[in-house]
Structures are given as structure tokens and as C-alpha cells.
Protein chains: 2
Amino acid sequence: MTAHLQRGLGVALWRQVADGIRAGIANGLAGEAGRLPPEAELAQRFGVNRHTVRAAISALAHEGVLESQQGRGTYVRRRQRLVYPIGERTRFSAGLGDQARDTSSEMVGTAREPSTLWVATALGIETGKTVIRVESLGKADGVPVSRSTSWFDARLFDGIAELFSSTGSMTAALAGFGVRDYRRASTSIEARHAEEADTRELNLAPGAIVLVTRAVNCDLSGQPVQCSVTRFAADRVELSVEAPAPGSSG
Amino acid sequence: MTAHLQRGLGVALWRQVADGIRAGIANGLAGEAGRLPPEAELAQRFGVNRHTVRAAISALAHEGVLESQQGRGTYVRRRQRLVYPIGERTRFSAGLGDQARDTSSEMVGTAREPSTLWVATALGIETGKTVIRVESLGKADGVPVSRSTSWFDARLFDGIAELFSSTGSMTAALAGFGVRDYRRASTSIEARHAEEADTRELNLAPGAIVLVTRAVNCDLSGQPVQCSVTRFAADRVELSVEAPAPGSSG
DNA sequence: ATGAATTTGTCCGTATGTATG
DNA sequence: CCATACATACGGACAAATTCA
């Protein structure tokens with residue numbers, strides 16, 4: 001479990017240790033009590049000086065992950081990665097509902113624009129036809145975990161941005177347009193380093209990892225109603241692909 | 001487009017620039033010819049010294065993303081990611097079959113060991129019962145793309161390692177034990193920075209990203225037959241979740 | 001073919017950040 | 001707190017390879 005740290009690859013040791021502690025917490029490093037091992041033990045475990053561990057803990061405390069108290073120890077404020085399901089019936093709040101006290105999905109912007117090749121293909125319309133773009137931010141317990149960009153056919157969903165903004169729910173917004181249920185048709189997943197926009201919008205450190213999903217959602221008749229690109233903070237969530245019950249089509 | 005870089009975050013400027021260049025390439029920074037702007041221009045664009053840009057380019061060249069030639073310029077080595085399907089009927093070679101000339105899956109080790117909590121839970125046996133662990137390496141056109149660790153109930157699949165080793169196919173190996181077909185029951189996906197083992201086994205550069213999937217495969221009756229942890233080189237593959245035809249269970 | 005312009009490669013020195021003990 | 005060693009970042013100057021008028 002002792003991560004192999006290296007000097008000279010552009011990431012300071014204290015930040016590698018910080019990432020290691022964050023990952024370790026998900027694997028029970030802090031135990032049931034949520035209490036981190038003493039700095040000296042962490043220093044030995046990571047093979048670095050205690051000063052370096054202190055710098056790492058200081059950074060994590062500043063991020064809100066840890067909380068140090070003189071004489072008592074260092075305690076974890078957020079436990080483990082959230083598990084985000086990407087099965088065919090994905091709903092943001094429903095999926096995270098039992099893992100966080102407070103989940104929210106708020107709109108942070110919208111626009112009408114001509115569709116790009118990918119969006120048009122996904123929605124089954126001609127390239128360049130007007131689509132509605134909706135930008136939203138998903139939070140769990142106040143911490144940003146996902147940043148989505150969704151597109152809708154402007155001819156069919158005029159006003160959906162306002163509806164989503166007022167309800168804070170994509171399911172409710174789609175229901176307002178007669179879409180009673182929808183399913184995820186396909187999802188592609190890739191991982192990359194955080195760009196400047198990611199560090200700003202998801203509150204990430206440079207060099208952090210972002211999981212990117214590209215999805216198409218269809219109504220019950222199989223007609224595409226929405227496509228989206230979502231960026232997740234990889235250190236805060238893991239994705240879970242839920243399979244349907246055995247015996248269905250392949 | 002000018003990313004605003006910051007000092008003192010524990011991430012070296014040259015690494016932030018490297019991430020910026022990598023992101024920029026995806027947005028057409030290198031143009032049609034795949035040629036990067038001159039170092040001096042990049043330096044001005046990122047607001048850093050040319051030496052810092054050179055350090056970033058050097059790192060990307062070491063990763064295999066870029067290639068510099070004195071007097072000529074710096075060029076992008078265009079390699080598009082392989083799409084790896086993780087639907088319910090995933091097969092390594094079948095999934096990649098049309099994207100690479102030559103795909104192979106070779107066994108690189110095996111052992112009998114007591115099952116850990118996760119493996120036992122996944123396979124539906126008691127913790128500590130003996131399981132067979134099979135280590136394998138997946139390649140496409142000679143380049144390693146995935147590194148899997150699989151576990152089987154030793155009571156049911158004694159000798160499967162030898163069968164997999166000789167056939168090079170997990171499907172064939174399972175068929176030898178009467179498993180005519182199998183389906184993926186669940187998959188969790190997370191992303192993290194490459195550890196030392198990853199850089200060695202998948203031939204990655206330090207700081208690269210690894211996609212980790214944890215999966216359970218069941219036979220047609222729903223009985224678990226195999227569980228596995230697979231590490232993918234995130235810069236060589238993207239995962240694709242294939243949905244079944246609409247109308248199945250949810 | 002020659003020379004100028006362009007672009008990458010290498011050297012110097014110096015200041016600051018990081019890591020150890 | 002201190003001292004020491006190494007990594008990072010900057011600035012300038014020049015060499016080497018390529019391109020093109």
C-alpha cells in the first residue's frame with residue numbers, strides 16, 4: 001500500500017503525499033474513528049520527512065478534507081469516494097442520495113447555439129441546427145463533484161433551461177416536456193489531466209485527474225432527447241456500471 | 001485560451017504547461033499539420049520562460065505525445081485512443097478486433113491464495129477460501145493497453161490458469177470448464193495516477209493516468225464465475241458502456 | 001549554391017521553492 | 001529555528017539544423 005513516490009517529475013512530494021493520503025482514506029487508512037495515523041508514522045509509511053507530511057496535511061486541511069487539532073490528532077472530514085452509478089437509469093440526486101447528506105444540481109449557464117457534429121449525430125438532427133446548451137454543477141455536501149454540459153434539440157425543448165434552473169432537476173425538466181422516463185443509451189468514459197477550466201469549476205489542483213463521460217439519453221421509444229458531456233473530479237467519485245438483470249438482450 | 005498558471009501549488013509550472021499543451025492539442029493547437037507553435041510563442045502564450053516550455057515539451061516527448069526535431073519544429077504523434085467496450089458481454093480481442101491489427105492477451109503469472117474480503121464477496125464464497133489468481137497483459141499492435149488480475153474459485157476452476165495460458169483466451173478457458181457464456185454483472189471505474197507497478201507493467205511515464213475497473217462476471221444462471229481488477233493506460237484507451245436494447249429491466 | 005530567417009539544442013549564471021536532518 | 005542539497009524558473013547568449021527566398 002506504500003505508494004512509490006518520486007522526486008523530479010514536476011509534482012512536489014508533499015502534493016504526492018497529499019494525494020496518497022486522500023486515496024488512503026478511501027481504503028480505510030483513517031479507520032473507523034476517522035482518525036489519521038500520527039505524522040511520524042505517515043512519514044515512515046510514505047518514506048518522507050515529517051515536515052513533508054505536515055505540508056501535505058496542511059494542504060488537505062485547507063481543502064477541507066482533514067482537520068488537525070493540537071494534541072488530539074488529525075481527523076477526516078469527508079470519508080470516501082462517492083459511487084456514481086451510470087446505469088441506464090441514471091439520476092444525479094437519486095444515485096448519490098444515500099451517500100451524502102445534501103446533493104444539489106444547479107444550473108450555471110445556458111445558451112442557444114448551432115449543433116456541432118457530435119451533438120447533431122447524438123441527437124439525430126442535422127449539423128448546424130439550433131440546440132440548447134445547459135451547463136450545470138453537481139455538488140455533494142457542498143463540494144463540487146461533477147460539471148455537466150447538456151444539449152437538447154431547440155425545436156423540441158424550448159424553455160427547458162428555465163425549467164431546469166427553477167426545479168434543479170433534469171428529470172423534472174424533461175417531464176415538463178412530456179418525457180416521462182428516459183434511459184442512457186451509451187456512455188464513453190475517458191480520463192485526462194485537469195485543464196484550467198476544471199481546476200476552476202471543480203475546485204481541483206493542477207495535475208488532478210478528471211473523468212469525462214459522454215452520454216446519450218433516449219426516451220422510452222428510443223428517440224434521443226439529450227446528450228451530455230460530464231466531467232467528474234476523479235478523487236471524489238468512482239463510476240459504477242450497473243448491469244440489467246440477467247436474461248435481457250445482448 | 002491562456003491558462004492562468006500558479007506557482008506554489010506543489011505542481012511545477014512546466015507540468016502545468018505540459019497539461020496545457022496536451023489539452024491544447026485536443027483543441028487544435030497543433031493545427032492540421034500536427035505541428036506545435038514555436039517554443040518562443042508558447043512561452044509567451046503561457047506567460048513563462050522558454051526553458052519552462054522546453055521542460056514541458058521534453059516531458060511530453062518522453063511520454064510519446066510529442067516529437068521535436070532541431071530546426072524543423074515539434075510535432076504531435078497522432079494516436080487516437082482505442083475504444084474498449086465494457087458492456088455485459090465484454091471480450092478483450094472481440095472488442096478491439098477492428099481497431100488494431102493485432103490484439104493479444106497473454107498470461108504473465110498465476111498463483112493460488114486465500115481470498116480477500118472483496119474477492120470472496122464477489123465470488124460468493126467464504127473469505128479465506130482458496131482462489132486462483134491469474135495475471136494477464138492485454139496488447140494491441142504490440143503496445144500494452146491493459147493489465148488484468150482475475151480470481152476464480154479454486155474448487156471449481158482448478159487448472160484454468162494453464163488453459164488460459166495455452167489458449168490466450170479467457171472465453172476459451174472458461175468454456176473448458178463448462179461455462180458456455182458469461183456476462184458482466186457490475187463494474188466500478190475509477191481513475192488515479194500511475195504507481196510504480198503501472199509505469200513498469202504498462203510502460204507508462206510517471207504522472208500518467210490509469211483507469212481501474214473492478215468487475216464481476218457471472219454465468220447465464222447468475223452464478224459468479226470470475227472477478228477482476230483491470231488497469232488501463234488512460235492515454236491509450238477510452239471505455240465505452242454499451243446499453244442493452246431498450247425495453248429490458250431496470 | 002549562398003545567406004538570412006526560423007527553430008530547436010546547449011551552455012552559463014542566479015534566485016526561489018522544495019525536502020531532509 | 002537552522003543549515004544543506006536538489007529541483008524549479010528565469011534571463012541571456014550562442015550553436016546546430018532546417019527552410020526558403
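The model shown is predicted, which means the values in this text are computed figures rather than measured ones. Residue numbers begin at 1 in each chain, while the letters A, B, ... track the order of the sequences.
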A correct 5'-to-3' footprint of nucleotides 11-21 of chain D, with B, S and - meaning base, sugar-phosphate only and no protein heavy atom under 4.0 Å, is BBB--BBSS--
Can you sort out the partners of [X] under salt bridge (Lys or Arg N to Asp or Glu O under 4.0 Å), two or more places apart, ordered by chain and number?
X: Arg72(B); answer: none
X: Glu135(A); answer: Arg133(A), Arg147(A)
X: Arg35(B); answer: none

Option from Ser136(A), Ser148(A), Ser150(A) for which side chain to side chain donor-acceptor pair (under 3.5 Å) with Thr230(A) holds =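 Of Ser136(A), Ser148(A), Ser150(A), side chain to side chain donor-acceptor pair (under 3.5 Å) with Thr230(A) is met by Ser148(A) alone.
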Among residues two or more places apart or on two chains, list those pairs meeting salt bridge (charged side-chain N to carboxylate O under 4.0 Å, His left out) that have a residue in residues 49-61 of chain A.
->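 Counting only pairs at least two positions apart or across chains, the salt bridge (charged side-chain N to carboxylate O under 4.0 Å, His left out) contacts touching residues 49-61 of chain A are Glu39(A)-Arg50(A), Glu39(A)-Arg54(A).
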Residues that Phe152(B) engages under ring-ring contact (aromatic ring centres under 6.0 Å, His included), provided they are two or more places apart |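 Phe152(B): ring-ring contact (aromatic ring centres under 6.0 Å, His included) contacts with Phe157(B).
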Is the distance from OP1 or OP2 of dT8(C) to the nearest side-chain N or O of Thr74(B) less than 4.0 Å?
->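 True: Thr74(B) side-chain N/O within range (under 4.0 Å) of dT8(C) OP1/OP2.
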Where each residue is assigned the nucleotide of DNA chain C containing its nearest heavy atom, which of Val53(A) and Glu39(B) is assigned the position nearer the 5′ end?
->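 Looking at the nearest nucleotide for each, Glu39(B) comes out on the 5' side.
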From dG9(C), dA9(D), dT18(C), pick the nucleotide closest to the side chain of Trp14(A)?
->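 Output: dT18(C).
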Check the distance between [N]'s [atom2] and [X]'s [atom1] and give it to me in whole angstrom.
X: Leu13(B); N: dA15(C); atom1: CG; atom2: C1'; answer: 14 Å
X: Arg54(A); N: dT18(C); atom1: CZ; atom2: C1'; answer: 16 Å
X: Leu66(B); N: dG9(C); atom1: CG; atom2: C1'; answer: 16 Å
X: Arg15(A); N: dT8(D); atom1: CZ; atom2: P; answer: 15 Å

